[in-house]
Amino acid sequence: MLLTDEQHKQVVYLITEHLGEARYGRIARDLFGPEALRAVPAGLNPHNHAKWLLDWALGLPTADIFVNVVLQVDAAGELTKVHQLVNQLRAGQIDWAGLGIDELWMPAEWPFADREPLRTHLGDIARGDGPTASTIDGPAGHGKRTMCAYIDHCARRHGVFTPVVEHLQRLHDNRMVDYLADQLRLKLGVVVPPAIDPEPERRAVTLAANLGSFAVHSRTPVWFVANLVEPEQDAGVLKFLGELLRQVQTTPLLAKKLRITVLADFAAVALENLPGINSRYTLAEISEAEVAGWLAAAVPGKDEAYYRHTADQVISHVAALAPTPRMRLRLLAQKCVDAHRVLLQEA
């Protein structure tokens with residue numbers, strides 16, 4: 001971590017003073033940019049608002065915004081050690097690593113309270129490491145869409161791969177595989193020969209093979225994320241995904257330009273060429289411990305027993321409603337938001 005805890009608190013205090021009542025106005029926009037203001041959770045008090053913005057800046061792939069924030073909010077140079085750090089960053093004497101903090105809201109205003117080990121693996125992929133092919137297994141209501149949002153955000157933050165996220169449902173259209181191939185071709189920026197075979201299963205394999213052959217020449221590496229919302233897919237889709245999985249795992253040159261992650265309920269989906277067991281992940285139900293951990297990160301500074309007590313109330317309230325699997329995560333998110341607001345009011 002670049003800042004000590006005390007330095008972090010000092011910078012947060014100066015940001016709070018600098019923004020004053022204009023937390024969403026021109027001063028804040030000029031300081032952090034419009035993207036940060038769109039993403040900041042609603043309902044934060046001035047201190048937590050400033051803290052969220054600072055952590056957002058520290059998690060960016062470059063130091064530019066952090067450096068500008070320090071120079072603007074501490075123009076008098078009161079924080080000598082922090083300014084020394086800024087000078088070293090500007091001179092290239094130290095590397096910018098950012099905080100690497102886990103996002104607490106994903107997507108915006110939606111509590112993201114789970115899967116820390118999986119997020120670590122996804123972060124490795126986003127930085128250009130990790131497995132070339134991976135799967136995320138989970139039935140309906142276990143957060144596959146949320147994980148897709150996180151992958152998209154993580155990929156854009158690190159900038160190694162351009163994310164292509166597709167939520168696939170059956171449209172009863174035999175040209176779905178052509179659509180997927182074209183989406184990838186356009187993002188990769190390559191020209192790929194068409195496949196003219198009218199039979200969708202064979203055409204899917206040809207499309208994937210052609211795409212893999214030409215993707216090695218791409219100047220824009222892509223991370224393809226396919227979320228199978230339903231087990232039943234249009235003809236050729238599973239063949240297309242299976243062939244891409246095979247290629248990225250067997251062709252090192254392609255692996256540098258294309259990564260693939262497939263999310264599905266694999267108890268109901270038969271997909272060929274799955275990656276090795278260490279690259280397959282499972283979304284379990286969010287537990288009380290994970291809710292407590294999220295609350296502690298979102299509103300720090302309280303006794304651990306208080307977070308556990310609040311998390312127990314959240315889980316108990318959801319259980320009492322006896323939701324279907326598809327509704328459980330939605331209700332859990334609502335209860336987490338309620339608990340978060342209560343903790344903020346008491347902060």
Side-chain angles (χ1 to χ4, degrees), residues 118 121-122 124-126 128-139 144-145 147-148 150-152 154-155 160-170 176-188 190 192-193 195 197 199-218 220-283:
L118 173 55
H121 290 296
L122 294 173
D124 290 340
I125 298 173
D129 301 318
T132 58
S134 57
T135 61
I136 300 176
D137 185 11
K144 294 190 292 295
R145 284 185 181 271
M147 293 309 305
C148 287
Y150 177 74
I151 292 172
D152 182 85
C154 199
V160 176
F161 296 100
T162 296
V164 175
V165 180
E166 291 288 340
H167 301 283
L168 299 175
Q169 294 177 279
R170 191 175 186 183
M176 176 56 76
V177 290
D178 303 82
Y179 163 80
L180 292 176
D182 277 340
Q183 283 291 89
L184 291 173
R185 172 184 61 79
L186 291 169
K187 291 295 184 181
L188 288 162
V190 295
V192 179
D197 195 318
E199 202 284 312
E201 299 284 330
R202 291 196 299 268
R203 191 169 72 253
V205 174
T206 303
L207 284 168
N210 291 348
L211 186 69
S213 296
F214 286 84
V216 298
H217 304 295
S218 172
T220 307
V222 159
W223 186 354
F224 179 34
V225 182
N227 176 26
L228 305 185
V229 179
E230 301 169 346
E232 294 294 326
Q233 293 289 321
D234 285 311
V237 169
L238 296 183
K239 279 288 185 183
F240 179 79
L241 296 176
E243 177 62 17
L244 281 184
L245 285 169
R246 184 190 69 79
Q247 290 195 56
V248 298
Q249 294 178 89
T250 57
T251 310
L253 283 177
L254 178 59
K256 294 180 180 180
K257 302 300 176 69
L258 181 64
R259 300 292 173 94
I260 179 170
T261 298
V262 181
L263 302 92
D265 180 359
F266 284 99
V269 172
L271 192 61
E272 297 176 341
N273 303 314
L274 292 174
I277 194 68
N278 290 333
S279 299
R280 302 182 202 176
Y281 309 103
T282 300
L283 298 178

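Note: hydrogens, waters and symmetry copies are ignored here, and every other heavy atom, side chains too, is used.
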Return the minimal non-hydrogen interatomic distance between Gly212 and Leu254, and the atom names on each side.
O-CD1, 3.7 Å
Side-chain touch Glu166/Tyr179, heavy atoms, less than 4.5 angstrom:
yes
As an exercise, state the distance from CZ of Phe224 to CG of Leu211, rounded to the nearest 0.5 Å.
9.0 Å
Any salt bridge linking Arg203 with Asp178? Criterion: basic side-chain nitrogen under 4.0 Å from a carboxylate oxygen.
yes
Glu230 atom CD, over 12 foreign heavy atoms within 6.0 Å:
yes
Nearest heavy-atom approach of Ala155 to Trp223 is CB-CE3, 3.9 Å
Taking Ser218 for the side chain and Thr220 for the main chain, is one N or O donor matched with an acceptor at less than 3.5 Å?
yes
Side chains of Phe266 and Leu274, heavy atoms from C-beta outward: is any pair under 4.5 Å?
yes
Leu168 side chain near Leu180 side chain, heavy-atom distance below 4.5 Å
yes
Just wondering, do Ile125 and Pro131 contact through their side chains at under 4.5 Å, heavy atoms?
yes
Within the 4.5 Å heavy-atom criterion, are Leu241 and Leu228 side-chain neighbours or not?
yes
How close do Gly128 and Val160 get, heavy atom to heavy atom, and via which atoms?
CA-CG1, 4.1 Å
Does atom NZ of Lys144 have more than 12 heavy-atom neighbours, drawn from other residues, nucleotides or ligands, at distances under 6.0 Å?
yes
Taking the side chain from Gln247 and the backbone from Ala208, do they hold a donor-acceptor pair closer than 3.5 Å?
yes
Could you check whether any side-chain N or O of Asn210 sits under 3.5 Å from a backbone N or O of Val192, counting only pairs where one atom can act as donor and the other as acceptor?
no
Do Asn273 side-chain atoms and Gly242 backbone N/O form a donor-acceptor pair below 3.5 Å?
yes
Are the side chains of Arg145 and Val229 in touch, meaning some heavy atoms are under 4.5 Å apart?
yes
Val225 versus Asp152: any side-chain heavy-atom pair under 4.5 Å?
no
With Lys239 as partner, the option from Gln233, Glu201, Arg202 fulfilling side-chain contact (heavy atoms from CB on, under 4.5 Å) is Glu201
For residues Leu188 and Phe214, determine if any side-chain heavy atom of one lies less than 4.5 Å from a side-chain heavy atom of the other.
no
